[in-house]
Q: 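I have a structure I would like to understand better, so I am pasting it below and will then ask my questions one at a time.
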Amino acid sequence: MRNTKSVLISSHRWLGLTFGLLGIWLAVTGAWLVLRPQLDPVMVSHTTLAQVCTTPLPLDRIAAAAQAAYPQVPAESVWVKSDPRAATMVRFKDMNQAYVDGCTGKVLGQHHRYSGLFGFVEYLHRFRFAPTTYVAEWIGGIGAIVMAFGLATIGLYAWWPRRRAAVRASVTLNPALTGRARARNQHSVVGAVAALVIFVVAGTGVVQAFKPVEHLLYVLSGTAPLKKPEVVDTPRGASAIETAWRGTVARMGAMPTSATIRLGGKGKPFEIYANAADAPHAEARTYAYADPATGAILRFVPYAATPMGERIYMWMLAFHMGMVGGPLGEALTLLAMLAIPFLGYTGLRSWWLRNRKDRSVPARDDSLSMRVVAVADRATGVRGIRLAATDGRPLPAFVAGGHIEVSTADGTRRAYSLVNGPTDRDAYEIGVRLVEEGRGGSLQMHRLAAGDHVTVARPRCHFALDAGASFSLLVAAGVGITPLLSMARHLAAEGKPFRLVYFGRDAAGMAYVEEVQKEFGARAVIHVGATRIAIPALVAEQLDDAPAGTHLYTCGPAGFMDMVLDEGRAAGLTEPALHREYFAADPATLGGPRAAFQLTLARSNRIVPVDEGTTILDALGAQGIAVPSSCEQGICGNCLTRVVSGEVDHRDSYLSTAEKARGDCMLICVSRAKGTNLVLDV
């Protein structure tokens with residue numbers, strides 16, 4: 001069963017892949033709008049800058065001049081600024097707006113709210129192209145929810161180091177990394193730094209999108225929204241706007257930095273909201289309501305007296321637009337918004353690099369004819385066997401952590417890890433532990449003597465070193481030293497940083513321990529007789545000073561590897577940085593119910609029944625259909641077969657999580673069908 005963290009990480013990944021474009025859309029357009037207060041006046045200065053005079057015209061005359069220039073639609077509001085150079089804006093009910101010189105009454109320009117560069121970006125950001133406002137709000141709201149909770153919150157949880165010593169490495173960019181490791185490091189560090197701001201910006205966007213959430217703020221704060229006073233439905237007075245404006249300024253005691261006078265409608269008062277010079281943020285509104293017939297102030301509510309729900313909502317609105325915290329707050333909001341497309345890029349790149357390998361089942365390599373050139377006991381019960389080509393030629397190159405499959409004269413086929421370094425190409429060496437209760441493979445290998453001939457499949461590897469790792473921590477137990485010894489030899493030859501930690505019950509049973517001590521010196525840490533209780537703490541010590549970009553590799557008994565990988569997760573390492581090699585089947589993957597199903601062979605259209613107690617491999621063998629196999633425990637990959645259709649119940653320890661999720665291949669020695677039918681490319 002997958003643990004909670006792995007489920008959340010998977011959810012984070014797929015939310016990013018499915019809703020990421022929507023989040024990037026909101027972030028990029030939002031970042032541009034953060035710059036609007038500074039850049040918009042510069043870009044349209046011909047319409048927003050007016051003459052400076054000591055006695056500007058009454059607002060009623062300014063509104064009348066704008067209405068005369070655009071008589072098609074009634075004016076909806078008048079926008080005033082304390083800056084004497086700023087033109088007065090009059091907005092109409094169809095979102096067109098006119099800019100009027102307050103000294104002369106001249107209309108300087110006119111355009112639609114959503115025209116121009118910033119207007120069009122706002123149009124895109126608010127999804128105004130949607131068929132209805134309701135749909136637009138839902139699109140934006142869903143995007144905000146995904147960014148705030150699905151990406152920022154889960155991402156921060158997935159990143160959070162469980163050990164204090166791992167915090168520094170978790171927020172450090174490592175320029176030495178390459179490939180997927182570099183993308184993951186960049187994604188993790190930038191995401192962790194920006195997550196809190198992204199959460200607040202996106203979370204405040206949720207409040208803007210959904211009215212019920214706004215109402216919830218009033219409920220939680222125990223306050224009620226402001227109520228507008230009632231007015232008699234009478235024509236607007238000739239000087240009502242100016243009178244209402246002067247009455248508001250008089251009650252505030254000073255000219256506000258900006259104000260909007262909404263002209264109301266049938267039976268509605270003027271609604272004036274203004275920002276005092278000492279307001280805590282740009283949306284900290286003082287309200288005034290005026291009679292549209294006379295301009296008399298009917299109600300005045302300074303910012304400090306507004307309901308708590310109102311103040312919370314307006315703070316969220318201001319934060320969402322980057323208007324809290326002055327220039328620093330604006331810069332943080334801008335950087336957080338720009339971080340989102342970068343996170344989208346690094347997350348997608350990491351995912352692509354993880355899944356770009358060919359999805360087809362690899363063709364099987366030709367076998368090598370080899371002879372045993374040396375046999376030596378490497379520890380109690382562990383024999384080192386060196387194999388050279390019968391024709392004396394240098395052997396094929398191999399990847400550190402790779403293995404070969406040996407076929408003996410009696411037909412036994414087993415896979416064994418290579419211990420060779422990169423320059424040791426004259427012979428392959430494997431370490432074979434004698435398993436008395438096994439199926440005879442190790443016994444046959446221990447009977448080999450110098451001069452015996454065997455057939456060996458060319459080296460393969462599904463436990464390779466990550467080229468982008470900044471540091472490799474290799475943790476072995478027992479005969480699990482064999483692949484990690486090869487890794488250490490390769491890393492040492494390449495001059496890359498690593499540490500090899502080797503656990504054993506007793507010195508006599510620790511294979512290659514002398515080679516480890518001699519070749520790696522201080523880079524090797526050997527623990528003899530460590531108890532099961534002590535092992536996690538000893539592994540944790542090695543992880544405490546691990547730098548960013550560290551990868552952890554382990555091999556040994558299943559329980560031992562589980563402990564090692566748990567410590568890696570606790571130290572802040574993510575799943576792609578955790579690697580394990582099985583020498584025996586993982587009991588957890590082999591368990592579970594076993595139901596009968598029907599197998600269809602795509603090449604012949606034959607139907608083969610597979611009952612509860614039979615494997616696919618055995619069912620095919622009973623029909624005379626031979627499929628290459630070796631371990632029959634789901635660990636070597638030799639019986640890997642392409643799946644044409646059907647859902648697979650993966651029970652192997654060979655395929656990666658991503659490969660299992662694709663469902664296009666399976667190990668037929670242990671895996672089964674989840675449904676009643678499975679079609680294989682056989």
Q: Assess the residue pair F129 and L124 against the criterion (side-chain contact (heavy atoms from CB on, under 4.5 Å)); give the C-alpha distance rounded to whole Å, side-chain angles, the decisive distance to 0.1 Å, and a yes or no.
A: CA-CA 7 Å; F129 51 83; L124 296 177; 4.2 Å; yes
Q: Measure the shortest side-chain to side-chain distance between P269 and R299 over non-hydrogen atoms and say whether it is less than 4.5 angstrom.
A: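 Side-chain contact under 4.5 Å: no.
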Q: Heavy atoms, side chains only, cut-off 4.5 Å: are L117 and W32 in contact?
A: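 Side chain of L117 against side chain of W32, heavy atoms only: contact under 4.5 Å found.
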Q: Could you list the donor-acceptor pairs under 3.5 angstrom formed between side-chain atoms of residues 325-337 and any protein atom two or more places apart in sequence or on another chain?
A:
residue	atom	partner	partner atom	Å
E330	OE1	Q38	NE2	3.4
E330	OE2	Q38	NE2	3.3
T333	OG1	G329	O	2.9

Q: Using ring centroids (six-membered ring only for Trp), state whether F149 and F199 fall under 6.0 Å.
A: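 Yes; F149 has its ring centre under 6.0 Å from that of F199.
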Q: Can you name the nearest heavy-atom pair linking T257 to A277, along with the distance?
A: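 Closest approach of T257 to A277: CG2-CA, 3.8 Å.
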Q: Just verifying a value: how many Å separate L343 CG and L151 CG, rounded to the nearest 0.5 Å?
A: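 Nearest 0.5 Å value for the CG-CG distance: 9.0 Å.
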Q: Is there a side-chain contact (heavy atoms from CB on, under 4.5 Å) between R113 and N96? Walk through the geometry before answering.
A: CA-CA 6 Å; R113 174 180 178 178; N96 272 287; over 6 Å; no
Q: Please examine the side chains of T133 and R128, heavy atoms only from C-beta on, and report whether any two atoms are closer than 4.5 Å.
A: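 Side chain of R128 against side chain of T133, heavy atoms only: contact under 4.5 Å found.
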Q: For residues T243 and T294, determine if any side-chain heavy atom of one lies less than 4.5 Å from a side-chain heavy atom of the other.
A: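 No, every pair of side-chain atoms sits at 4.5 Å or beyond.
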Q: Ignoring hydrogens and angles, write down the donor-acceptor pairs under 3.5 Å from the side chains of residues 207-216, residues two or more places apart or on other chains.
A:
residue	atom	partner	partner atom	Å
Q208	OE1	Y313	OH	3.2
Q208	NE2	T204	O	3.1
K211	NZ	E214	OE1	3.1

Q: Tell me, do L22 and V146 make a side-chain contact under 4.5 Å, heavy atoms counted?
A: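 Of all side-chain heavy-atom pairs linking V146 with L22, none is under 4.5 Å.
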Q: Counting N and O atoms only, with roles assigned by atom type, does the side chain of E242 sit under 3.5 Å from a partner on the main chain of L59, one being a donor and the other an acceptor?
A: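 Pair found, side chain donor or acceptor close to backbone of L59.
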Q: Anything under 30° is parallel, anything over 60° is perpendicular, the rest tilted; go ahead and classify W351 against W14.
A: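 Perpendicular.
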Q: Are side-chain N/O atoms of Q72 and Y70 paired as donor and acceptor at under 3.5 Å?
A: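 No, no side-chain donor-acceptor pair sits under 3.5 Å.
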Q: Does F19, at its CZ atom, have more than 12 non-hydrogen atoms belonging to other residues, nucleotides or ligands within less than 6.0 Å?
A: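 Atom CZ in F19 is not packed in, count stays at 12 or less.
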Q: For the pair D83 and K81, find out whether any cationic side-chain nitrogen is under 4.0 Å from an anionic carboxylate oxygen.
A: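 No, no charged N to carboxylate O under 4.0 Å.
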Q: Carefully, step by step, assess Q97 and H112 under the rule side-chain contact (heavy atoms from CB on, under 4.5 Å).
A: CA-CA 6 Å; Q97 46 200 35; H112 194 275; over 6 Å; no
Q: If we check side chain to side chain contact (heavy atoms under 4.5 Å, CB included) with L108, which of these qualifies: L49, V100, T88, D101?
A: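 Output: one option passes, namely D101.
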Q: Could you give the side-chain donor-acceptor pairs of residues 258-267 under 3.5 Å, partners two or more places apart or in another chain?
A:
residue	atom	partner	partner atom	Å
R262	NE	Y273	OH	3.0
R262	NH1	E76	OE2	2.4
R262	NH2	Y273	OH	2.7

Q: Evaluate the side-chain contact (heavy atoms from CB on, under 4.5 Å) criterion for residues R236 and F270: first the C-alpha distance (whole Å), next the side-chain angles of each, then the deciding distance (0.1 Å), finally the verdict.
A: CA-CA 10 Å; R236 191 169 75 207; F270 288 168; 3.3 Å; yes
Q: Once the angle between the rings of Y345 and F342 is folded into 0 to 90°, is it parallel (under 30°), tilted (30 to 60°) or perpendicular (over 60°)?
A: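 If you compare the ring of Y345 with that of F342, the planes turn out tilted.
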